[in-house]
Each structure stands twice: as C-alpha cells, then as structure tokens.
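Contents: one structure, followed by commentary.
Keep in mind that the numbers below use all heavy atoms, side chains included, and drop hydrogens, waters and symmetry copies.
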Amino acid sequence: METIRSISTHVVKAPLARPHRTASGTIDDALLVLIDIECDEVVGRSYIFVYSPVAIASTVSLVKEIGALLIGQSLEPSRVYDELRAQFRILGTTGMVGYALGGIDMALWDALALSFDVPLWRLLGGAPTPIRVYESMGMMSPGDTFAEAQAAESAGVTAFKVKAGHGDPSQDRAVAEVLREVAGPSGDVMFDYNQAFTPQEACRRLAGLADLDLAWIEEPVAADDLTGHAQVRASTTIPVQTGENLWTAAQLERVLRAGAADLVMLDACRIGLTGWLRAAAVADAHATPLSTHFYPEISTHAMCVTPTAHYVEWLDVSSSILLDPVEVHDGAVSPGDQPGAGITWDQKAIERYAI
C-alpha cells in the first residue's frame with residue numbers, strides 16, 4: 001500500500017474561450033488551485049475551481065494544512081474522507097474547507113488508481129461508457145447564444161444549458177427559442193437561474209415558458225431553500241434540477257425526500273469522489289437522473305459507476321493546462337484508458353498562467 005509523502009499546490013489563471021456571464025456576475029478566467037499529492041511511487045492530481053480571487057490564499061492554505069495531516073498515512077481515500085470530516089465536524093465541512101477536502105479526495109483517488117496502474121473507472125468497477133454532454137453557456141443575447149450553440153453543434157452537441165434570469169423575461173424566451181432551433185426537436189434546452197429568484201417570482205416566470213419544452217430549470221431559488229424548490233416544482237411541468245451546492249449524500253437524501261427536485265447534479269469537488277459514490281446510490285434509490293457540475297476529468301469516471309447517469313456538463317476551464325484534456329466527440333465524453341483520472345499537467349502552460 002502506498003504511503004502519502006507530501007502535498008503541494010500551484011495557482012493558475014486559466015483562460016476561458018469566452019467570458020461566462022451568470023445572473024451573479026461574469027467569469028473571465030478560471031482561477032484554479034492545482035493539487036499534487038506525492039506518494040511512494042505515484043503522484044495524484046486534481047484541481048479546485050476557485051470562483052473569486054479573494055478565496056485563493058485561503059484555499060491554498062487549507063489544502064496545505066489539511067494535507068499535512070495526511071503525511072505518513074496509507075493511501076486509502078474513503079477512510080481519509082471520513083476521518084477528515086470527523087476532525088472538522090465542529091468547524092464544518094462546507095465552504096472553503098469543503099472545497100479543500102474535496103480537492104484532496106479527488107487527488108487521492110487519482111493516486112490510488114495510478115498505484116494499481118489502471119484507469120479510475122476500472123478501479124471503481126465501471127466500464128468506459130460514453131455520456132452525453134450539454135454545452136454550458138453564459139447569459140447572452142439571442143444572437144450570441146445562437147452563434148455559440150452552433151459552434152458546439154459542430155462537435156455533435158444537441159443539448160444546451162444557458163444562464164437565464166434576464167431583467168426582461170422576454171429575453172429568456174427569445175434565447176430558449178434560438179437554442180431550440182439549434183437543438184432540434186430531439187435535443188434538449190435547459191435554463192440555469194443560479195438561485196436568482198424568490199419562489200413567487202420563479203413561479204411567475206415559469207408560467208410563461210411551459211410551452212418551450214425545457215428539459216430542466218436549475219436552481220430557480222436559493223439552493224438551500226428546499227421548501228421553495230418544492231413550491232416551484234409543484235407549480236410547473238418543467239423538471240426542476242438542483243444539487244451542485246450539495247456537500248454530502250445525506251443532504252441529497254433530504255432534497256429528494258422534500259420533493260425539491262426532479263433531477264439532480266453533483267459537483268465532484270464539493271462532495272468529493274467518495275461522497276459522489278455514496279450520493280449516486282441515493283439518487284439510484286430514488287430513481288432520480290444524476291448529472292455533473294464541472295470537473296469532467298473526475299466526473300466522467302464517476303458517471304461510469306452512477307446507475308442513473310444523465311448528462312455531463314461541458315464548460316471547459318482546464319484544458320489549457322492539461323497535456324491530455326477531456327474532449328467531446330459526437331456529443332459525448334468518455335474516460336480514457338490511461339492510468340488514473342488522466343490528469344497530467346502541461347508544465348509550460350502552468351508557468352505561463354501562474355499567479
């Protein structure tokens with residue numbers, strides 16, 4: 001069994017192909033904290049997408065300080081996951097602490113697969129199944145939305161999620177109509193409101209979209225407002241999606257028991273791969289389709305052992321600093337057959353984009 005020897009970080013500002021505008025602000029570059037966990041013979045890797053520059057220093061500090069607790073321990077991700085969460089029970093395991101724990105957990109699983117010289121999906125007991133992607137798009141004008149969707153269509157993508165919540169609701173409708181034109185009758189169009197509304201306003205807006213055949217509306221109200229999500233869900237025939245802000249499988253259980261969602265998604269860094277495996281079992285028990293939020297390098301492997309696997313979100317924040325990035329083919333992604341999760345840093349790019 002491999003022993004954990006050290007942990008290190010690098011910070012980069014990775015370029016995005018285009019600015020990503022949401023109802024909460026615009027993301028121009030991807031601030032990534034890169035994690036390397038060195039064991040006896042292998043190095044496990046992952047990264048954390050830090051949304052705000054003010055969180056970089058605290059994220060780096062937490063990863064290093066928490067990682068120091070692991071030096072000399074055996075490489076056993078599930079045990080480490082549970083023991084670290086037990087240590088932080090009083091402080092809490094959400095927020096930046098949760099991101100640090102999730103980033104470390106992903107890197108440990110990568111290292112474990114590398115130590116057995118097998119792809120992560122094989123270590124987890126899965127098969128390299130292609131999973132459909134949806135293009136994740138920012139808040140744009142109908143014309144810009146149409147152009148970006150057409151570009152994604154060239155890779156075979158027929159599902160599109162757009163950030164919605166324009167001040168003028170007619171703009172949302174116009175965007176949905178151009179996306180439907182690109183997706184065609186068999187494709188999917190989704191709206192992500194990024195927690196922008198009260199339940200009352202969300203219900204009012206959705207009443208004017210019922211005829212557009214949306215595949216889902218995502219987080220129309222605050223992520224932790226389960227009652228509000230259930231109220232919105234009861235008011236519309238459009239499926240309600242939530243889950244990217246969940247930190248544990250137990251939270252997912254509460255969401256589904258509250259009737260707050262028709263569909264769910266997981267963020268591999270927030271919940272960790274260990275937490276993902278447990279949450280996937282919860283989604284399966286409730287027969288609820290499960291999609292991904294960011295982190296395709298890990299998520300595509302996790303989806304191979306997710307019984308209700310639905311969609312992989314495609315928003316490229318990392319390919320510029322990877323030697324072998326995930327790629328979309330015929331509207332889907334599949335995990336590679338290289339050992340581990342397939343995360344190999346492009347050292348020249350890291351130097352170029354280093355902060």
Side-chain angles (χ1 to χ4, degrees), residues 22-24 81-82 85 88-90 92-95 97-99 101-102 134 136 161 163-165 188 190-210 213-295 299 302-303 306-313:
T22 76
S24 303
Y81 179 93
D82 289 331
R85 275 159 177 71
F88 286 92
R89 185 175 294 121
I90 295 177
T93 56
T94 61
V97 171
Y99 274 113
L101 294 175
Y134 65 85
S136 190
K161 184 179 83 174
K163 302 296 186 185
D188 282 332
M190 304 89 151
F191 270 7
D192 184 356
Y193 284 124
N194 280 122
Q195 311 178 59
F197 303 122
T198 64
Q200 294 76 18
E201 175 64 11
C203 292
R204 186 184 70 80
R205 285 189 172 236
L206 293 176
L209 301 175
D213 192 28
L214 297 178
W216 75 57
I217 48 101
E218 187 174 328
E219 291 190 336
V221 301
D224 59 356
D225 184 359
L226 303 189
T227 301
H229 269 93
Q231 179 181 340
V232 173
R233 183 173 175 236
S235 75
T236 181
T237 58
I238 305 171
V240 173
Q241 169 77 269
T242 190
E244 71 180 65
N245 288 294
L246 299 177
W247 301 93
T248 66
Q251 288 180 331
L252 177 58
E253 179 72 37
R254 288 194 286 273
V255 167
L256 296 175
R257 286 188 178 275
D262 299 283
L263 310 164
V264 295
M265 62 172 52
L266 297 177
D267 183 295
C269 190
R270 282 189 176 102
I271 200 166
L273 180 53
T274 301
W276 182 303
L277 299 175
R278 298 170 184 178
V282 173
D284 186 32
H286 289 267
T288 303
L290 190 156
S291 296
T292 78
H293 181 255
F294 292 163
Y295 305 99
S299 298
M303 291 290 268
T306 297
T308 59
H310 191 198
Y311 269 115
V312 167
E313 178 176 35

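Atoms CG and OG, from D267 and S299 in turn, are 7.5 Å apart once rounded to the nearest 0.5 Å. Atom CG of residue L252 and atom CH2 of residue W247 lie 15.0 Å apart, to the nearest 0.5 angstrom. Rounded to the nearest 0.5 angstrom, I271 CD1 and L266 CG are separated by 5.0 Å.
Y193 places a side-chain heavy atom less than 4.5 Å from the side chain of L206. With a 4.5 Å cut-off on side-chain heavy atoms, Q241 and M190 do not count as touching. Side-chain atoms of W216 and K161, non-hydrogen and from C-beta on, do get closer than 4.5 Å to each other. Taking the side chain as every heavy atom from C-beta outward, V232 and I217 approach each other to under 4.5 Å. No side-chain heavy atom of Y311 sits less than 4.5 Å from a side-chain heavy atom of L290. Inter-residue side-chain proximity for R278 and T274 is flagged as met; some heavy-atom pair is nearer than 4.5 Å. Side-chain contact check for N194 versus K163: some heavy-atom pair is nearer than 4.5 Å. You'll find the side chain of T198 stays beyond 4.5 Å of the side chain of V221, heavy atoms only.
Formation of a donor-acceptor pair under 3.5 Å by the R85 side chain with backbone atoms of T93 is not found in this model. No donor-acceptor distance shorter than 3.5 angstrom exists from the side chain of T227 to the backbone of D225, with no hydrogens or angles considered.
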### Steps toward side chain to side chain contact (heavy atoms under 4.5 Å, CB included) verdict (R270, H293)
CA-CA 10 Å; R270 282 189 176 102; H293 181 255; 3.9 Å; yes
### Query
Given the rule in the side chain to side chain donor-acceptor pair (under 3.5 Å) test, do W276 and T306 qualify, once you have shown the distances and angles that lead to the verdict?
CA-CA 9 Å; W276 182 303; T306 297; 3.0 Å; yes
### Message
Under the criterion side chain to side chain contact (heavy atoms under 4.5 Å, CB included), I'd like the reasoning laid out for N245 against Q195: C-alpha separation, chi angles, the key distance, then a yes or no.
### Response
CA-CA 11 Å; N245 288 294; Q195 311 178 59; 3.4 Å; yes
### Task
Given side chain to side chain contact (heavy atoms under 4.5 Å, CB included), test R204 with Q200 step by step and report yes or no.
CA-CA 6 Å; R204 186 184 70 80; Q200 294 76 18; over 6 Å; no
### Task
Walk me through it: do E219 and H229 pass the test side chain to side chain donor-acceptor pair (under 3.5 Å)?
CA-CA 8 Å; E219 291 190 336; H229 269 93; 5.8 Å; no
### Query
Can you check side chain to side chain donor-acceptor pair (under 3.5 Å) on T292 and E313, steps first, answer last?
CA-CA 6 Å; T292 78; E313 178 176 35; 5.6 Å; no
### Message
Would T242 and E218 count as a side chain to side chain contact (heavy atoms under 4.5 Å, CB included) here? Give the steps.
### Response
CA-CA 6 Å; T242 190; E218 187 174 328; over 6 Å; no
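Nearest approach of R233 to A260, heavy atoms of both residues: CD-C, 4.2 Å. The minimum heavy-atom distance between P289 and D262, with the atom names listed, is CD-O, 3.9 Å. The minimum heavy-atom distance linking G92 with V97 is given by the pair O-CG1, 3.5 Å. Taking each heavy atom of L273 and A302 in turn, the nearest pair found is CD1-CB, 3.8 Å. Taking each heavy atom of A202 and P220 in turn, the nearest pair found is CB-CB, 3.9 Å. The minimum heavy-atom distance between L256 and A261, with the atom names listed, is CD2-O, 4.2 Å.
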